[in-house]
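When reading the values below, keep in mind they use all heavy atoms of this one structure, side chains included, and skip hydrogens, waters and symmetry mates. Chain letters run A, B, ... following the sequence lines, proteins first and then strands; every chain starts at 1. Here the structure is a predicted model, which is why all the values come from computation and not from measurement.
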2 protein chains.
Amino acid sequence: MITVTTNSGDSATSQPEKTARHKRGSGRERVLDAYAQVLREEGETAATLDEVARRADISKGGLLHHFGSKEALMEGLLGRMKELNEQDIAATMRAGGDGIAAYLHSSMQAEDDYSDTFIAILKLAGSGHENVDQALRAAFNAWQDELDKVISDPVLSRLVQLVGDGLYVHALIGRDVDELDLQVIDRLTKRTES
Amino acid sequence: MITVTTNSGDSATSQPEKTARHKRGSGRERVLDAYAQVLREEGETAATLDEVARRADISKGGLLHHFGSKEALMEGLLGRMKELNEQDIAATMRAGGDGIAAYLHSSMQAEDDYSDTFIAILKLAGSGHENVDQALRAAFNAWQDELDKVISDPVLSRLVQLVGDGLYVHALIGRDVDELDLQVIDRLTKRTES
DNA sequence: GTCTATAGGGGGATAGAC
DNA sequence: GTCTATCCCCCTATAGAC
């Protein structure tokens, strides 16, 4: 009894155009790139000012000129996520025609600026920084709102989101996406009844 | 075409009996309890030897007698998880009669020793400790194997696991379980075809 | 705007008394 | 088995030269 408002085409191939990767040279952005990168690759503990400065090819003093404290650096990254959130949601939903497939695929492969930032911030989740958890909840809610527009059944919509979040966990621990994951996505995309 | 090998009773209420909470006094166990607790509540950064010792009501020297290094402490917790894994899987699957509901409910409410340990270790995921990610992958695989025994369709089985993992993410960032989550579980439990 | 130097604090680990 | 005292390193942040 559930209807997915989509033209169910080839679900596994349609990919949206996301924000292009920027590795531009303006100091502030280079620092945020480096911070997000080290968070993704080695986690919170490894993300020291020294290491971030090293990756950004800048001195620690230079870094602290742009961001007066580590807290400020963190909020800088949260700001970037907030900034990219809307435009990425729009791009994901617009492009493929199929919201579910596009959403779930974007949960699997972090290859745009938004996903990079999002995954980096996930590494800071639940570690006492209330700002972080708040920003993450806001991001989740924004995606949920968008999914709700595309999927008429709210329960199915939530299910799709939970599956996407599950895929993030698997990525987090290095559990590779396999054929079954793709089949799950395929089934969620193609089925119009529960 | 999917058949869930279960007596589909009242899915939302059946709860298994898990391992009882131990807050016993043997130094080693108290230390592991404290370590897991601080990881869950405040994350990896806050989990210093000083803080763990404080919570375990022991001195740092005393702690380091039981676990010679922080690395050893970590592996101690991994050992506990491995130890509890099998028995918790068995308890979860045995009790309710319905594997899906039991699994998903245990993903929501961490109130047994295994879940406590598991969530704590999740805070260490993707932070460069290869042991941790390996242990987590093993735990995920063990649950997957068990779900596969209960759910005849492997795609549905994976879907159920992904939803459970998604619930963990939501818990991680303090997004409370709501009515929709319960409805998702209910639907996954009751439906026998995709 | 970027650098070096350094202060100040905290974390992990060792030594050795009890 | 548990404690105190201590060492050393690294991390954040500040000061100030260029």
Protein proximity profile, nucleotides 13-18 of chain C - base contact B, sugar-phosphate-only contact S, no contact -, cut-off 4.0 Å on heavy atoms: BB----
Looking only at heavy atoms, what is the nearest atom pair of V31(B) and V52(B), with distance? O-CG1, 3.9 Å
Take atom NE2 of H65(B) and atom P of dT4(D), then tell me their distance rounded to the nearest Å. 16 Å
Between P of dC11(D) and CG of L63(A), the distance in whole Å: 13 Å
What is the distance, to the nearest angstrom, from the CZ atom on F67(A) to the C1' atom on dT12(D)? 16 Å
In plain terms, say whether E146(B) and K149(B) are close enough for a salt bridge, that is, a side-chain N and a carboxylate O under 4.0 Å apart. yes
Consider the side chain of D50(A), meaning its heavy atoms from C-beta on, and name the nucleotide among dC3(D), dT2(D), dT12(D) that approaches it most closely. dT12(D)
Interatomic distance, E42(A) CD vs dC11(D) C1' [rounded to whole Å]: 16 Å
Is there a donor-acceptor contact under 3.5 Å linking the side chains of D148(A) and Q144(A)? yes
With the threshold set at 4.0 Å, does a side-chain nitrogen-carboxylate oxygen contact exist between E41(B) and R55(B)? yes
Interatomic distance, L73(A) CG vs dC11(D) P [rounded to whole Å]: 15 Å
Among dC11(D), dC3(C), dG11(C), the one nearest T48(B) by side-chain distance: dG11(C)
Residues forming a salt bridge (charged side-chain N to carboxylate O under 4.0 Å, His left out) with D133(A), sequence neighbours excluded: none
Is any NZ, NE, NH1 or NH2 atom of the basic residue among R137(A) and E130(A) found under 4.0 Å from an Asp or Glu carboxylate oxygen of the other? yes
Does H66(B) place a side-chain N or O at less than 4.0 Å from the phosphate oxygens OP1/OP2 of dT2(D)? yes
